[in-house]
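These notes are about the structure you will find just below.
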Amino acid sequence: MACSQFEYVKQYETDDRMLPGCWIVLRLDGKGFTKFCELHCFEKPNDVRALCLMDAAAQAVMREFQDIRLAFGESDEYSFVFPRECQLYGRRCSKLVSLVASCFTASYVRLWPQHLPDTPLAATPLFDARAVLYPSDRALRDYLSWRQADTHINNLYNTCFWALVKSGKTNTEAHTQLQGTLADYKNELLFSQFGLNYNALPERFRKGSVILRQRVKHVKQTADGRSKEKERLEPCVLHCDIIRDHFWQQHAELLA
(Lines give C-alpha, C1' and ligand atoms only; values in the text may rest on other atoms or scores of the structure.)
Protein backbone atom coordinates (compact mmCIF):
# COMPACT_ATOMS: atom_id res chain seq x y z
CA MET A 1 0.00 0.00 0.00
CA ALA A 2 1.34 3.42 -0.94
CA CYS A 3 2.18 5.88 1.80
CA SER A 4 -0.36 8.58 2.45
CA GLN A 5 -0.78 11.65 4.62
CA PHE A 6 -2.95 9.60 6.95
CA GLU A 7 -0.42 6.87 7.69
CA TYR A 8 0.89 8.72 10.77
CA VAL A 9 -2.03 7.29 12.77
CA LYS A 10 -0.19 3.95 12.94
CA GLN A 11 2.17 5.43 15.55
CA TYR A 12 -0.67 5.37 18.09
CA GLU A 13 -0.83 1.58 18.04
CA THR A 14 0.79 0.07 21.13
CA ASP A 15 3.24 -2.82 21.11
CA ASP A 16 1.52 -5.53 23.15
CA ARG A 17 3.87 -8.44 22.44
CA MET A 18 4.02 -10.73 25.46
CA LEU A 19 7.29 -11.62 27.16
CA PRO A 20 9.22 -14.44 25.50
CA GLY A 21 10.02 -17.69 27.28
CA CYS A 22 6.78 -17.75 29.30
CA TRP A 23 3.75 -19.98 29.14
CA ILE A 24 0.73 -18.10 27.77
CA VAL A 25 -2.66 -18.90 29.29
CA LEU A 26 -5.80 -17.44 27.74
CA ARG A 27 -8.80 -17.80 30.05
CA LEU A 28 -12.33 -17.27 28.77
CA ASP A 29 -15.33 -16.65 31.01
CA GLY A 30 -18.99 -16.43 30.12
CA LYS A 31 -20.47 -12.95 30.60
CA GLY A 32 -23.77 -12.89 32.50
CA PHE A 33 -24.10 -16.67 32.32
CA THR A 34 -26.25 -16.90 35.45
CA LYS A 35 -29.07 -15.18 33.56
CA PHE A 36 -28.13 -17.00 30.36
CA CYS A 37 -28.51 -20.37 32.11
CA GLU A 38 -31.85 -19.37 33.64
CA LEU A 39 -33.15 -18.15 30.29
CA HIS A 40 -32.33 -21.49 28.66
CA CYS A 41 -33.49 -23.58 31.64
CA PHE A 42 -30.16 -25.31 32.20
CA GLU A 43 -30.39 -28.17 34.66
CA LYS A 44 -28.99 -27.43 38.14
CA PRO A 45 -26.40 -27.92 39.50
CA ASN A 46 -24.90 -29.32 36.27
CA ASP A 47 -26.30 -29.56 32.76
CA VAL A 48 -24.37 -32.24 30.86
CA ARG A 49 -25.55 -30.88 27.50
CA ALA A 50 -24.16 -27.41 28.23
CA LEU A 51 -20.88 -28.78 29.56
CA CYS A 52 -20.44 -30.95 26.47
CA LEU A 53 -21.10 -27.87 24.33
CA MET A 54 -18.33 -25.99 26.15
CA ASP A 55 -15.97 -28.93 25.55
CA ALA A 56 -16.90 -29.09 21.86
CA ALA A 57 -16.28 -25.34 21.41
CA ALA A 58 -12.89 -25.71 23.11
CA GLN A 59 -12.00 -28.62 20.83
CA ALA A 60 -12.88 -26.44 17.83
CA VAL A 61 -10.50 -23.77 19.12
CA MET A 62 -7.70 -26.33 19.47
CA ARG A 63 -8.27 -27.55 15.92
CA GLU A 64 -8.03 -23.98 14.67
CA PHE A 65 -4.95 -23.09 16.72
CA GLN A 66 -2.52 -25.97 16.59
CA ASP A 67 -0.09 -24.19 18.93
CA ILE A 68 -2.35 -24.77 21.94
CA ARG A 69 -0.75 -27.43 24.14
CA LEU A 70 -3.75 -28.24 26.36
CA ALA A 71 -6.94 -26.73 27.75
CA PHE A 72 -8.91 -26.93 30.98
CA GLY A 73 -12.58 -26.11 31.41
CA GLU A 74 -15.22 -25.89 34.12
CA SER A 75 -18.72 -24.43 34.16
CA ASP A 76 -18.67 -21.40 31.79
CA GLU A 77 -14.90 -20.93 31.60
CA TYR A 78 -12.01 -22.41 29.62
CA SER A 79 -8.24 -21.93 29.82
CA PHE A 80 -6.00 -22.48 26.79
CA VAL A 81 -2.28 -23.05 27.26
CA PHE A 82 0.24 -21.92 24.64
CA PRO A 83 3.85 -23.15 25.03
CA ARG A 84 6.81 -21.01 26.02
CA GLU A 85 8.24 -20.98 22.51
CA CYS A 86 4.96 -19.97 20.83
CA GLN A 87 5.45 -17.24 18.20
CA LEU A 88 1.89 -17.22 16.88
CA TYR A 89 1.02 -13.69 15.67
CA GLY A 90 4.27 -12.48 17.16
CA ARG A 91 2.92 -13.18 20.67
CA ARG A 92 0.69 -10.10 20.33
CA CYS A 93 -1.71 -10.17 23.26
CA SER A 94 -4.66 -8.42 21.61
CA LYS A 95 -4.42 -10.62 18.53
CA LEU A 96 -4.36 -13.90 20.45
CA VAL A 97 -7.06 -12.91 22.95
CA SER A 98 -9.48 -11.60 20.33
CA LEU A 99 -9.03 -14.51 17.93
CA VAL A 100 -9.39 -17.25 20.55
CA ALA A 101 -12.40 -15.54 22.14
CA SER A 102 -14.14 -15.03 18.79
CA CYS A 103 -13.37 -18.59 17.64
CA PHE A 104 -14.75 -20.04 20.88
CA THR A 105 -17.90 -17.90 20.81
CA ALA A 106 -18.60 -18.60 17.14
CA SER A 107 -18.09 -22.34 17.72
CA TYR A 108 -20.38 -22.24 20.75
CA VAL A 109 -23.17 -20.74 18.64
CA ARG A 110 -22.51 -23.04 15.65
CA LEU A 111 -22.53 -26.20 17.78
CA TRP A 112 -25.50 -25.24 19.98
CA PRO A 113 -28.12 -27.12 17.87
CA GLN A 114 -26.08 -30.34 18.11
CA HIS A 115 -26.00 -30.32 21.91
CA LEU A 116 -29.29 -28.58 22.79
CA PRO A 117 -31.51 -29.43 19.81
CA ASP A 118 -34.75 -28.85 21.72
CA THR A 119 -33.70 -25.50 23.20
CA PRO A 120 -33.65 -22.54 20.76
CA LEU A 121 -30.81 -20.09 21.36
CA ALA A 122 -32.67 -17.12 22.82
CA ALA A 123 -29.78 -14.77 23.63
CA THR A 124 -26.29 -13.98 22.40
CA PRO A 125 -23.61 -15.85 24.39
CA LEU A 126 -20.66 -13.60 25.26
CA PHE A 127 -17.23 -14.58 26.54
CA ASP A 128 -14.55 -12.25 27.86
CA ALA A 129 -10.89 -13.30 27.73
CA ARG A 130 -7.58 -12.37 29.29
CA ALA A 131 -3.99 -13.46 28.81
CA VAL A 132 -1.68 -14.30 31.71
CA LEU A 133 2.00 -15.24 31.52
CA TYR A 134 3.57 -17.93 33.72
CA PRO A 135 7.38 -18.02 33.85
CA SER A 136 7.88 -21.62 35.02
CA ASP A 137 6.42 -25.09 34.69
CA ARG A 138 5.59 -25.07 38.40
CA ALA A 139 3.66 -21.80 38.08
CA LEU A 140 1.70 -23.21 35.14
CA ARG A 141 0.87 -26.39 37.04
CA ASP A 142 -0.17 -24.38 40.08
CA TYR A 143 -2.48 -22.29 37.90
CA LEU A 144 -4.17 -25.39 36.47
CA SER A 145 -4.34 -26.94 39.95
CA TRP A 146 -6.03 -23.76 41.19
CA ARG A 147 -8.67 -24.00 38.49
CA GLN A 148 -9.34 -27.68 39.21
CA ALA A 149 -9.51 -27.06 42.95
CA ASP A 150 -11.98 -24.25 42.19
CA THR A 151 -14.05 -26.72 40.17
CA HIS A 152 -14.35 -29.03 43.18
CA ILE A 153 -15.14 -26.24 45.66
CA ASN A 154 -17.81 -24.69 43.44
CA ASN A 155 -19.39 -27.99 42.50
CA LEU A 156 -19.57 -29.23 46.09
CA TYR A 157 -21.28 -26.01 47.14
CA ASN A 158 -23.65 -25.98 44.16
CA THR A 159 -24.57 -29.63 44.64
CA CYS A 160 -25.52 -28.92 48.25
CA PHE A 161 -27.27 -25.64 47.42
CA TRP A 162 -29.52 -27.08 44.72
CA ALA A 163 -30.27 -30.21 46.75
CA LEU A 164 -31.55 -27.95 49.52
CA VAL A 165 -33.54 -25.77 47.11
CA LYS A 166 -35.11 -28.78 45.43
CA SER A 167 -36.06 -30.11 48.87
CA GLY A 168 -38.14 -26.99 49.54
CA LYS A 169 -35.80 -24.34 50.93
CA THR A 170 -35.59 -20.88 49.40
CA ASN A 171 -32.36 -19.70 47.80
CA THR A 172 -31.70 -17.46 50.80
CA GLU A 173 -32.31 -20.27 53.30
CA ALA A 174 -30.02 -22.64 51.40
CA HIS A 175 -27.26 -20.02 51.19
CA THR A 176 -27.57 -19.21 54.90
CA GLN A 177 -27.32 -22.89 55.88
CA LEU A 178 -24.16 -23.39 53.80
CA GLN A 179 -22.45 -20.10 54.59
CA GLY A 180 -19.10 -20.64 56.29
CA THR A 181 -19.35 -24.45 56.26
CA LEU A 182 -16.42 -26.76 55.43
CA ALA A 183 -16.23 -29.64 52.97
CA ASP A 184 -16.83 -32.28 55.67
CA TYR A 185 -20.15 -30.67 56.59
CA LYS A 186 -21.26 -30.49 52.97
CA ASN A 187 -20.32 -34.11 52.28
CA GLU A 188 -22.21 -35.26 55.38
CA LEU A 189 -25.21 -33.12 54.44
CA LEU A 190 -25.43 -34.70 51.00
CA PHE A 191 -25.10 -38.23 52.35
CA SER A 192 -27.29 -38.01 55.43
CA GLN A 193 -30.14 -35.91 54.01
CA PHE A 194 -30.12 -36.81 50.31
CA GLY A 195 -28.33 -40.16 50.11
CA LEU A 196 -25.69 -38.71 47.79
CA ASN A 197 -22.06 -39.83 47.91
CA TYR A 198 -20.28 -36.80 46.48
CA ASN A 199 -17.25 -38.85 45.41
CA ALA A 200 -19.52 -41.06 43.32
CA LEU A 201 -20.70 -38.13 41.17
CA PRO A 202 -19.31 -37.99 37.61
CA GLU A 203 -15.70 -36.76 37.41
CA ARG A 204 -16.81 -34.26 34.77
CA PHE A 205 -18.65 -32.38 37.53
CA ARG A 206 -16.00 -32.75 40.24
CA LYS A 207 -12.80 -32.30 38.20
CA GLY A 208 -13.75 -30.41 35.07
CA SER A 209 -12.53 -31.17 31.55
CA VAL A 210 -8.97 -31.50 30.29
CA ILE A 211 -8.33 -31.41 26.55
CA LEU A 212 -5.05 -32.62 25.08
CA ARG A 213 -4.00 -34.01 21.73
CA GLN A 214 -3.98 -37.79 21.43
CA ARG A 215 -3.55 -40.18 18.56
CA VAL A 216 -6.91 -41.35 17.27
CA LYS A 217 -7.40 -44.10 14.68
CA HIS A 218 -9.57 -43.34 11.66
CA VAL A 219 -10.77 -45.79 9.01
CA LYS A 220 -10.65 -44.39 5.47
CA GLN A 221 -12.02 -45.96 2.32
CA THR A 222 -9.51 -46.15 -0.53
CA ALA A 223 -10.37 -45.69 -4.21
CA ASP A 224 -10.51 -49.45 -4.73
CA GLY A 225 -13.01 -49.91 -1.87
CA ARG A 226 -10.61 -51.18 0.76
CA SER A 227 -10.50 -49.88 4.31
CA LYS A 228 -7.29 -48.21 5.44
CA GLU A 229 -6.59 -47.32 9.05
CA LYS A 230 -4.75 -44.08 9.77
CA GLU A 231 -3.78 -42.24 12.94
CA ARG A 232 -3.89 -38.52 13.56
CA LEU A 233 -3.70 -36.21 16.53
CA GLU A 234 -7.08 -35.01 17.77
CA PRO A 235 -8.04 -32.86 20.78
CA CYS A 236 -9.59 -35.35 23.20
CA VAL A 237 -11.58 -34.59 26.36
CA LEU A 238 -10.52 -36.24 29.63
CA HIS A 239 -11.94 -35.97 33.14
CA CYS A 240 -9.08 -36.67 35.50
CA ASP A 241 -6.88 -35.34 38.30
CA ILE A 242 -4.27 -32.85 37.06
CA ILE A 243 -3.11 -31.72 40.49
CA ARG A 244 -1.07 -34.79 41.41
CA ASP A 245 2.15 -35.75 39.61
CA HIS A 246 0.73 -38.86 37.92
CA PHE A 247 -1.00 -36.92 35.12
CA TRP A 248 2.16 -34.98 34.28
CA GLN A 249 4.32 -38.09 34.37
CA GLN A 250 1.89 -39.86 32.07
CA HIS A 251 1.87 -36.88 29.66
CA ALA A 252 5.45 -35.67 29.98
CA GLU A 253 5.30 -34.20 26.47
CA LEU A 254 3.03 -31.39 27.71
CA LEU A 255 5.87 -29.67 29.55
CA ALA A 256 8.62 -30.70 27.14
Side-chain angles (χ1 to χ4, degrees), residues 1 7-33 54-110 124-151 154 207-214 233-238 242-243 245 247-249 251-256:
M1 182 182 294
E7 194 173 12
Y8 77 94
V9 298
K10 290 172 60 178
Q11 68 183 307
Y12 294 108
E13 295 182 12
T14 57
D15 184 352
D16 62 350
R17 286 174 292 180
M18 290 179 281
L19 288 172
C22 296
W23 293 95
I24 301 173
V25 175
L26 299 186
R27 185 167 82 244
L28 281 72
D29 288 285
K31 179 183 180 296
F33 254 60
M54 289 289 294
D55 293 342
Q59 287 175 295
V61 171
M62 289 187 67
R63 292 188 186 97
E64 182 68 28
F65 300 98
Q66 294 293 318
D67 295 63
I68 296 174
R69 187 70 58 86
L70 76 156
F72 177 79
E74 59 154 322
S75 185
D76 65 339
E77 76 167 52
Y78 241 102
S79 297
F80 298 94
V81 179
F82 290 81
R84 294 169 174 271
E85 67 275 10
C86 175
Q87 292 300 319
L88 186 63
Y89 299 110
R91 296 176 72 90
R92 289 166 57 194
C93 182
S94 57
K95 195 82 170 180
L96 287 172
V97 167
S98 59
L99 282 171
V100 170
S102 62
C103 181
F104 186 93
T105 306
S107 299
Y108 188 92
V109 173
R110 176 175 60 85
T124 303
L126 300 176
F127 295 89
D128 67 71
R130 74 207 72 180
V132 184
L133 299 179
Y134 293 97
S136 67
D137 296 350
R138 171 49 59 185
L140 175 67
R141 282 190 55 180
D142 285 347
Y143 167 79
L144 293 169
S145 296
W146 170 50
R147 299 320 303 143
Q148 186 163 74
D150 186 71
T151 304
N154 289 339
K207 297 179 179 178
S209 298
V210 182
I211 305 181
L212 47 80
R213 302 182 195 279
Q214 294 185 320
L233 288 174
E234 289 281 355
C236 299
V237 181
L238 307 176
I242 60 172
I243 297 177
D245 292 334
F247 172 84
W248 299 98
Q249 293 167 352
H251 302 285
E253 74 282 357
L254 293 175
L255 298 179

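Using modelled atom types, one side-chain atom of Arg91 and one backbone atom of Leu19 make a donor-acceptor pair closer than 3.5 Å. The closest donor-acceptor contact from the side chain of Glu64 to the backbone of Cys103 lies at 3.5 Å or more, if one exists at all. Formation of a donor-acceptor pair under 3.5 Å by the Arg110 side chain with backbone atoms of Ala57 is not found in this model.
Salt-bridge annotation for Lys207 and Glu74: absent, with no side-chain N of the basic residue lying under 4.0 Å from a carboxylate O of the acidic one. A salt bridge links Asp29 with Arg130: the closest approach of a Lys/Arg side-chain nitrogen to an acidic carboxylate oxygen falls below 4.0 angstrom.
Not a single salt bridge (Lys or Arg N to Asp or Glu O under 4.0 Å) links Arg92 to another residue, sequence neighbours left out. Not a single ring pair (Phe, Tyr, Trp, His ring centres under 6.0 Å) links Phe72 to another residue, sequence neighbours left out.
Gln59 contributes atom CD, which lies 12.5 Å from atom CE of Met54 (distance to the nearest 0.5 angstrom). Separation of atoms OG (Ser209) and CD (Gln148) is listed at 10.0 Å; rounding is to 0.5 Å. Rounded to the nearest 0.5 angstrom, Leu99 CG and Ser94 OG are separated by 9.0 Å. Interatomic distance, CG of Leu233 versus CZ of Arg63, reported as 12.0 Å (0.5 Å rounding). Residue Ile211 holds its CD1 atom at 9.0 Å from SG of Cys236, rounded to the nearest 0.5 Å. Rounded to the nearest 0.5 Å, atoms CG (Leu133) and CD1 (Ile24) are 6.0 Å apart.
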Report, one line per pair, each donor and acceptor closer than 3.5 Å where one atom sits in a side chain of residues 78-87; sequence neighbours left out.
unit_1, atom_1, unit_2, atom_2, d
Tyr78, OH, Asp55, OD1, 2.7
Ser79, OG, Tyr143, OH, 2.6
Arg84, NH1, Gly21, O, 2.8
Arg84, NH1, Pro135, O, 3.2
Arg84, NH2, Pro135, O, 3.2
Arg84, NH2, Asp137, OD1, 3.4
Glu85, OE2, Arg69, NH2, 3.1

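Within the 4.5 Å cutoff, the side chain of Phe247 has heavy atoms near those of the Leu254 side chain.
Taking all atoms of both residues into account, the shortest heavy-atom contact from Met62 to Arg213 is O-NH2, 2.9 Å. Contact between Arg141 and Asp245 at its shortest, heavy atoms only, is NH2-OD1, 2.9 Å. Taking every heavy atom of both residues into account, Leu212 and Gln214 meet most closely at CD1-CG, 3.2 Å. Contact record, Cys93 with Met18: CA-CE, 3.8 Å, taken as the closest heavy-atom pair.
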Q: I would like to know whether Phe65 and Leu26 meet side-chain contact (heavy atoms from CB on, under 4.5 Å); could you show each step before the answer?
A: CA-CA 12 Å; Phe65 300 98; Leu26 299 186; over 6 Å; no

**Q.** Derivation and outcome, side-chain contact (heavy atoms from CB on, under 4.5 Å), residues Tyr89 and Asp67
**A.** CA-CA 11 Å; Tyr89 299 110; Asp67 295 63; over 6 Å; no

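Exactly one residue among Val25, Val210, Ile243, Ile242 makes a side-chain contact (heavy atoms from CB on, under 4.5 Å) with Leu144. That residue is Ile242.
Using a 30° and 60° split on the angle between ring planes, Phe127 and Phe33 fall in the tilted class, from 30° to 60°.
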